Amino acid sequence: APAPPPARHFFSDPAEVEALRGSLLAWYDRCKRDLPWRALAVTEPDADRRGYAVWVSEIMLQQTQVATVIDYYNRWMQKWPTLQALAQASLEEVNELWAGLGYYSRGKRLQEAARKVVSELAGRMPRTAEDLQKLLPGVGRYTAGAIASISYGQATGVVDGNVIRVLCRLRCIGADSSSPAVIDRLWDMANVLVDRSRPGDFNQALMELGATVCVPKAPLCGKCPVKQHCQAWRRKLFGNPPKVPDVEDCGVGDCPLCPPATEPWDSSLGVTNFPRKAAKKPPRAMRTATCVLERRGCHGAPEYLIVQRPGSGLLAGLWEFPSLPLTQDMQEEREREELADHLQAWMGWPMAAKGLQFIGEVIHIFSHIHQTYVVYSLSLDADVTLDPALSPSRWVTEDEFHASAVSTAMKKV
Ligand code: SF4
């Protein structure tokens, strides 16, 4: 078993834990946001449906703002109100509804997992965090804890980005908050803190506090319901702890949860001294040439050619304008020639590089890639069919393009 955390960085006083739970839940009851999945998690009598609703919302909320998710969630639940309905959907339909939400593998895995529940688990959702994580593809520790506590009342904690921030501030944890050692401690703490009779509400309250009060840049400490339990707030008010640590304090310099000695408390930052993260790796730079091929459709309106991406990897199965990854330091003339060669191989007839009209560049940031699309256009008189052995393709009007499973980056293009 790992050594117990230094007392200063943990909640070891049961009376304090009880007081913190009470303050947080009372605040949550007064101030929680009205979100569609919350209503369903309470009013839906069928446990599987409750679990499904929370699952969909939690997967959509990963890396995505609540305000963006609401509309996607409502449309999703209208189209596939049950696991069984989702299990019968095609991946194309899932991608179409997910278009614009980003991190597309989430929708795909959600649908694969729904099929598994229907075909292998008799349509019954696993009821504990351990089983959810073990049995459902794409469900990690956090999502499993959220579904189990909110839908089934299991007294299990959750740790997401909001909870990390709140707990690190409550207990002055300044070591790298993305390190496995710190994350493990935060899970321990979340499991100790979670309210035994209202675990789902408690977990949502802790996340809500991080999302609306204990926010990253300018936390509203004056309005915080748990400020009396917050060491970062106390430190901001009363300054550095005494040089000689008391029994509650950790050893100076070698505590695995304190900030490293090279990064002392910065009084200008106040409570935002916590949490700390190791410097992020800069995103990888990529360039991709892309060509908007246009023709007059049978009703005279312009149509555009889109092709489907491979079924695995980045933006798997989504549709895009014919595109070609480029090497970094290529001259513009060379880029154009490469793209012309690529289109020629696809279409099977000669294509002059100078026929491609340069339109501009579009930058899109994926989580780990800084992508520059070099955009060309080409108007065609003749009909064109791409070699279906290379990639599925189709002509679409502008409206059809927007309703297709295309990424936000392609919409920018
Ligand atoms: Fe966060 Fe401030 Fe509340 Fe502490 S007092 S938990 S820093 S909002």
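This chain uses plain numbering: 1 for the first residue, then up along the sequence. Since the model is a prediction, treat every value here as computed from it, not as a measurement. Every number for a ligand or one of its atoms is a count from 1 in the order of the listing.
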Ligand 1 atoms in contact with Cys224 (distance to a heavy atom under 4.0 Å): 3 (Fe), 5 (S), 6 (S), 8 (S)
Nearest-0.5 Å distance that lies between atom CG in Leu132 and atom CZ in Arg141: 14.0 Å
Top protein contact for atom 4 (Fe) of ligand 1, by heavy-atom distance: Cys230 SG, 2.4 Å
Test applied, side chain to side chain contact (heavy atoms under 4.5 Å, CB included); reference residue, Ile173; option that passes from Arg276, Arg185, Met189, Gln231: Met189
Protein contact of atom 1 (Fe) of ligand 1 - nearest heavy atom, named by residue and atom, plus distance: Cys214 SG, 2.4 Å
Parallel, tilted or perpendicular: rings of Tyr304 and Phe321 (30°, 60°): perpendicular
Cys221 near atom 1 (Fe) of ligand 1: N/O/S under 2.8 Å: no
Pair Arg106, Gln62: side-chain N/O donor-acceptor within cut-off below 3.5 Å: no
Atom indices of ligand 1, in the order listed, that fall short of 4.0 Å to a heavy atom of Val271: 7 (S)
Lys227 neighbourhood, listing ligand 1 atoms whose heavy-atom distance to it stays under 4.0 Å: 5 (S)
Result of checking Tyr52, Tyr73, Trp55, Tyr72 against Trp37 for ring-ring contact (aromatic ring centres under 6.0 Å, His included): Tyr73
Numbered atoms and elements of ligand 1 in range of Arg169, under 4.0 angstrom, heavy atoms: 7 (S)
Distance-only donor-acceptor check, side chains Asp266 and Ser268, under 3.5 Å: yes
